[in-house]
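Can you read through this structure? Questions will come right after.
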Amino acid sequence: MVSDKLSYMCLYVLKHIRSMYENICSYSRRTLELRKNINTLILFSILIADLLSRTDLTVDRSIYNTINFVLCICFVLLNPAFNKVLSGIFLISITLILLSMLFNASQLHSGSINAFMFTSVSWVMLSLNRPVLNYSLMRVLIYNYLIIGIGLSIYYLLSDYDFNNLVQNKNFNINPNGASIYFLGSIMLTFVVTNGWKMWMILSSYVLLILTTGSRAGMVSMSLMLIIFAIYDHKLNIIPRHTAFKNIFRRVFYFTGLLFSLYLLMPSYFEFAFRRLIQKGVSISDSEFGRMEKWGYALNESTTSLQVFLFGKGPAMASDSMGGGLHSSYVEAFASFGWPYLF
């Protein structure tokens, strides 16, 4: 009798332990799914905030917007697991930016503080371990993002169609280079989240839109990107050589067809884009003086003293001191933060 009661009690306890374990597992699964959805929505919101910055769609035309900064901080706080190797590398980068701030403190402005904060948070995000995401939700969101982007771009393109070859298509950005940067990012996303006829439809739209901007850097970068995605798949695995050559041939054939389509449909844009690319190249810019002159001036300025060589002129100061944008992230890096930061 006693043994029966004891057995019954043991079974009762085990049953409740099992029930508690199942509840905990169920809670953990729900929590994990919630984390996946939150992470996905935050990253997508960062993408949207980055799209809206420096465009005609918002009042604040700054690449350092408060919404994006807060979203990045939230993402880091929700995923505080860091990769040791990447953390060490990016900690060096952040330290060099901080030293650049300290050595140039007397001439910095509020934009320099914003640049330091946002760049540092970006490095911290890149040093995180791979976060958990709802990839199905992310694909749906990005697919719709790409379609809406094409719609908005075509609307702005058609509304400015009578530009008579004088002004490049700026999309809904404040300059054609900003538009081409957005289009290039969209092309990368297209390769990653789509396939089949959808991929080629969206890809064709963004390639044609880049050509209408007349951005020389955008056209060169787009060509390199098409070759890279012919050699690597969307997971960055190297494709077998015979398949890669076949893909490159297809890309060349496809790109030639797009150029012919642009020539037939929008001859003024075609002539404008290739006149800028072939006749002007990189040596001439629409700004006060050309890219080559700016890059040479920045190179000379970076060697005027040991402090400037090591720590640059400070965050967001290089462009100000040289009379405008430098048209190169690499030149901007050593001019603002010093040569060690570039390497």
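All of these numbers come straight from a predicted model, not from anything done at the bench. Note that the numbering runs from 1 along the sequence shown for the chain.
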Is it the case that one hydrophobic cluster holds both L91 and M125, taking links as side-chain heavy atoms less than 4.5 Å apart, direct or via other members?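 Hydrophobic grouping puts L91 apart from M125.
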L47, CG: over 12 other non-hydrogen atoms inside 6.0 angstrom: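 Yes - once you tally the heavy atoms of other residues, nucleotides and ligands closer than 6.0 Å, there are more than 12.
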Going by distance alone, is a donor N or O of one side chain under 3.5 Å from an acceptor N or O of the other, for R35 and N79?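 Their side chains do contain a donor-acceptor pair, which is all the 3.5 Å distance test asks for.
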Do the non-hydrogen side-chain atoms of L342 and Y330 ever get within less than 4.5 Å of each other?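 A side-chain contact exists here, since the closest heavy-atom pair is under 4.5 Å.
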Where is the tightest heavy-atom contact between A298 and F334, given as atom of each residue plus distance?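 Minimum heavy-atom contact is O-CE1, 3.8 Å.
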Locate the shortest heavy-atom distance separating S100 from G314; write the atom from each residue and the value.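 In this case the closest contact between S100 and G314 is OG-CA, 3.3 Å.
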Measure the spacing between CG of L78 and CD1 of I42 and express it to the nearest 0.5 Å.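 Going from the CG atom of L78 to the CD1 atom of I42 covers 5.0 Å.
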Of all the heavy-atom pairs spanning Q307 and F103, show the shortest one and how long it is.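 Shortest heavy-atom separation between Q307 and F103 comes out as NE2-O, 2.9 Å.
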Testing the basics here: between L71 and S45, what is the closest heavy-atom pair and its distance to 0.1 Å?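 Minimum heavy-atom separation between L71 and S45: CD1-CB, 3.7 Å.
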Are I142 and V192 side-chain neighbours, meaning at least one heavy-atom pair lies under 4.5 Å?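 They are not in contact (no side-chain heavy atoms under 4.5 Å apart), so the answer is no.
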Does L86 reach the side chain of N129, with side-chain heavy atoms less than 4.5 Å apart?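 With C-beta onward as the side chain, the pair stays apart.
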For the CG atom of L208 and the CZ atom of F183, what is their distance to the nearest 0.5 Å?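 If I round to the nearest 0.5 Å, the distance is 10.5 Å.
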Is M188 reachable from I181 through a run of I, L, V, M, F, W or Y residues, each pair having side-chain heavy atoms under 4.5 Å apart?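 No: no chain of side-chain contacts under 4.5 Å links I181 to M188.
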Evaluate F311 against V308 for side chain to side chain contact (heavy atoms under 4.5 Å, CB included), listing each step before the verdict. CA-CA 5 Å; F311 306 112; V308 175; over 6 Å; no
Measure the spacing between CD1 of I46 and CG of L41 and express it to the nearest 0.5 Å.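 One gets 11.5 Å once the value is rounded to the nearest 0.5 Å.
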Is there a path of hydrophobic side-chain contacts, each under 4.5 Å between heavy atoms of I/L/V/M/F/W/Y residues, joining L209 to W200?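 Yes; tracing contacts between hydrophobic side chains, which count when under 4.5 Å, links both residues.
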Tell me if the CG atom of N83 is crowded by more than 12 foreign heavy atoms within 6.0 Å.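 Yes, the 6.0 Å shell around CG holds more than 12 heavy atoms from other groups.
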Pick from L99, L98, I92, I97: which one makes a side-chain contact (heavy atoms from CB on, under 4.5 Å) with T95?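 In the set L99, L98, I92, I97, the residue that makes a side-chain contact (heavy atoms from CB on, under 4.5 Å) with T95 is L99.
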Does a side-chain heavy-atom distance below 4.5 Å link L32 with K36?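 Yes, side chains in contact.
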V140 with V193, same ILVMFWY side-chain cluster at under 4.5 Å: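 No, V140 and V193 fall in different hydrophobic clusters.
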From I154 atom CD1 to L152 atom CG, the distance as rounded to the nearest 0.5 Å: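 I154 atom CD1 to L152 atom CG measures 10.0 Å (nearest 0.5 Å).
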Just by modelled atom types, is the V132 backbone N or O under 3.5 Å from a matching donor or acceptor in the N39 side chain?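 Pair found, side chain donor or acceptor close to backbone of V132.
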Hey, mind stepping through L137 and F44 against side chain to side chain contact (heavy atoms under 4.5 Å, CB included) and telling me if it holds? CA-CA 10 Å; L137 176 61; F44 184 71; over 6 Å; no
If you take all heavy atoms of V121 and C72, which pair is closest and at what distance?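 Distance-wise, the nearest heavy atoms are CG1-CB, 3.4 Å.
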Side chains of I187 and F191, heavy atoms from C-beta outward: is any pair under 4.5 Å?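 The answer is yes, as the side chains (C-beta and beyond) meet within the 4.5 Å cut-off.
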Are M222 and V207 packed together at the side-chain level, in the sense that at least one heavy-atom pair is separated by less than 4.5 angstrom?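 Yes, side chains in contact.
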Is there a side chain to side chain contact (heavy atoms under 4.5 Å, CB included) between T190 and M201? Walk through the geometry before answering. CA-CA 10 Å; T190 301; M201 179 191 71; over 6 Å; no
Distance check, rounded to the nearest 0.5 Å: F118 atom CZ versus I73 atom CD1?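 Reported to 0.5 Å precision, the distance equals 9.5 Å.
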Kindly indicate whether the side chain of V76, heavy atoms from C-beta on, has any atom under 4.5 Å from the side chain of F82.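 Answer yes - side chains close enough.
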Give a yes or no on whether L126 and V85 share a hydrophobic cluster (residues Ile, Leu, Val, Met, Phe, Trp, Tyr; joining criterion: side-chain heavy atoms under 4.5 Å apart).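 The answer is yes; both residues are in one hydrophobic cluster.
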Without swapping roles, check the side chain of S186 against the backbone of Y182 for a donor-acceptor pair under 3.5 Å.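 Checking the backbone N and O of Y182 against the side chain of S186, a donor-acceptor pair under 3.5 Å is found.
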Quick check: do T304 and E301 have side-chain heavy atoms less than 4.5 Å from each other?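 They are in contact (side-chain heavy atoms under 4.5 Å apart), so the answer is yes.
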Taking S336 for the side chain and A333 for the main chain, is one N or O donor matched with an acceptor at less than 3.5 Å?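 Not confirmed, S336 side chain does not pair with A333 backbone.
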Measure the spacing between OG1 of T303 and CH2 of W339 and express it to the nearest 0.5 Å.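 Here the rounded value is 9.0 Å.
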What is the minimum heavy-atom distance between F337 and Y341, and which atoms define it?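 Closest approach of F337 to Y341: CD1-CE2, 3.4 Å.
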Verify side chain to side chain contact (heavy atoms under 4.5 Å, CB included) between Y145 and L189, making sure each step is shown before the conclusion. CA-CA 10 Å; Y145 163 88; L189 291 173; 3.9 Å; yes
